[in-house]
Undergrad: 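The structure's right below; bear with me while I get my questions together.
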Amino acid sequence: MEFSRRETLGMALGAAVMTVLPLRVSASTEDRIAEFTGGADMADTGVELTAPEIAENGNTVPIEVSAPGATAIMVLATGNPTPGVATFNFGPLAGSQSAATRIRLAGTQDVVAIAKLADGSFAKASASVKVTIGGCGG
Amino acid sequence: MASGVKPRVKVPKKATAGEAITIKTLISHQMESGQRKDKEGNLIPRSIINRFTCEFNGQLVVDVTIEPAVSTNPYFQFEAIVPEAGDFAFTWYDDDGSVYETSKSIAIA
């Protein structure tokens, strides 16, 4: 099988677009994480994110976050038009640093939870959710 | 566009002092994300509840910053410590400036 000059160029262009696109999508997610953590490193343990593996309806996906001793937990949906979902700030009377809610997901994507722990360090957890019907209209 | 907003809160009536209780809250609100389009193809402007707080006798339990990715009729479940008898105050802040409030009292068993 031989490639013409035109085909080769086309494939190269396609490959370039493929590599650039995912970066574009996650750029704002990176911004949000940097804003929350101030660029600090994140540990892999210390926060737990519970989300379904498959969500039939992206309009209402139940999730649960928990991070013992955390002062705040931020939840991001990396594949949504705007990645922010919610930020939980826990006060002195919080019984446990956990919360459950229902969120919208535009499509199959990773949901990320980042916890700010009491000692000022950060922890991150992510879960991949397959969405059958997206939840952002359009 | 914030019509028919009705907060619903589930708090146990009694607890032992220092016990962590589970609180469930739900408020009926359409949570228009600002991403959807109407029949003419115009964007429907965003109209959501952007903040929810729960306090017990003036002390913070949880303060949630809400963004458009939270579902219609936002639901939250969390835990709170009850050091003494008193009142839980729940407050929701709408994009249009409205504030929805409700409270529940709890007794020490």
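A quick note: this is a predicted structure, and the numbers were derived from the prediction, not measured. By convention in this document, chain letters (A, B, ...) are assigned in the order of the sequence lines, proteins followed by strands, and residues within each chain are numbered from 1.
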Undergrad: At a 4.5 Å cut-off on heavy atoms, which part of B/T72 comes close to chain A: side chain, backbone, both, or neither?
TA: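 Both the backbone and the side chain of B/T72 come within 4.5 Å of chain A.
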
Undergrad: Determine whether a donor-acceptor pair (N or O, by modelled atom type, separation under 3.5 Å) exists between the side chain of A/T101 and the backbone of B/F76.
TA: no

Undergrad: Test of understanding: clusters of I, L, V, M, F, W, Y form through side-chain heavy atoms closer than 4.5 Å, transitively. Do B/V64 and A/L76 belong to the same one?
TA: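 No, B/V64 and A/L76 fall in different hydrophobic clusters.
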
Undergrad: Check whether B/L26 gets within reach of chain A through its side chain, its backbone, both or neither, counting any heavy atom under 4.5 Å.
TA: side chain

Undergrad: Checking B/P83 against chain A: side chain, backbone, both or neither under 4.5 Å from a heavy atom?
TA: side chain

Undergrad: Which distance, rounded to the nearest 0.5 Å, do you find between the CE of B/M31 and the CZ of A/R104?
TA: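 One finds 6.5 Å between CE of B/M31 and CZ of A/R104.
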
Undergrad: Kindly indicate whether the side chain of B/S71, heavy atoms from C-beta on, has any atom under 4.5 Å from the side chain of A/N59.
TA: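 No, too far: nothing below the 4.5 Å cut-off.
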
Undergrad: In terms of hydrophobic clusters joined by side-chain contacts under 4.5 Å, are A/L93 and B/I21 together?
TA: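 Yes, same cluster.
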
Undergrad: Specify which of B/E55, B/Q77, B/R51, B/K24 makes the most heavy-atom pairs with chain A at under 4.5 Å.
TA: B/Q77

Undergrad: Does a sphere of radius 6.0 Å around CG in A/D119 hold more than 12 heavy atoms from other residues, nucleotides or ligands, not counting ones at 6.0 Å or beyond?
TA: yes

Undergrad: Determine whether more than 12 heavy atoms belonging to other residues, nucleotides or ligands lie under 6.0 Å from atom CD of B/E84.
TA: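 Counting other residues, nucleotides and ligands, CD of B/E84 exceeds 12 neighbours.
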
Undergrad: Whether the side chain of A/T87 engages the backbone of B/T65 through a donor-acceptor N/O pair (distance < 3.5 Å, no angle test) should be reported.
TA: no

Undergrad: Between A/A77, A/A86, A/S66, which has the largest tally of heavy atom pairs under 4.5 Å with chain B?
TA: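 Looking at each option in turn, the highest pair count goes to A/A86.
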
Undergrad: Report, as yes or no, whether the 6.0 Å neighbourhood of atom CG on B/D38 holds more than 12 heavy atoms from other residues, nucleotides or ligands.
TA: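 Correct, the count exceeds 12.
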
Undergrad: Grouping I, L, V, M, F, W and Y whenever their side-chain heavy atoms are under 4.5 Å apart, do A/I73 and A/V129 come out in a common cluster?
TA: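 Yes; tracing contacts between hydrophobic side chains, which count when under 4.5 Å, links both residues.
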
Undergrad: When clusters are formed by joining ILVMFWY residues with side-chain heavy atoms under 4.5 Å apart, either directly or through shared neighbours, do A/V75 and A/M42 land in the same one?
TA: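 Each belongs to a different hydrophobic cluster.
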
Undergrad: Within the distance-only criterion (no hydrogens, no angle test), does the side chain of A/R102 pair as donor or acceptor with the backbone N or O of B/V70 below 3.5 angstrom?
TA: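 Looks like no, no N/O pair under 3.5 Å.
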
Undergrad: Is it true that B/F78 and A/I114 fall in one hydrophobic cluster, defined by side-chain heavy atoms closer than 4.5 Å?
TA: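 B/F78 and A/I114: separate clusters.
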
Undergrad: Return the minimal non-hydrogen interatomic distance between A/G84 and B/A69, and the atom names on each side.
TA: O-CB, 3.6 Å

Undergrad: Is it true that A/R32 and B/E67 make a salt bridge, defined as a side-chain N closer than 4.0 Å to a carboxylate O?
TA: yes

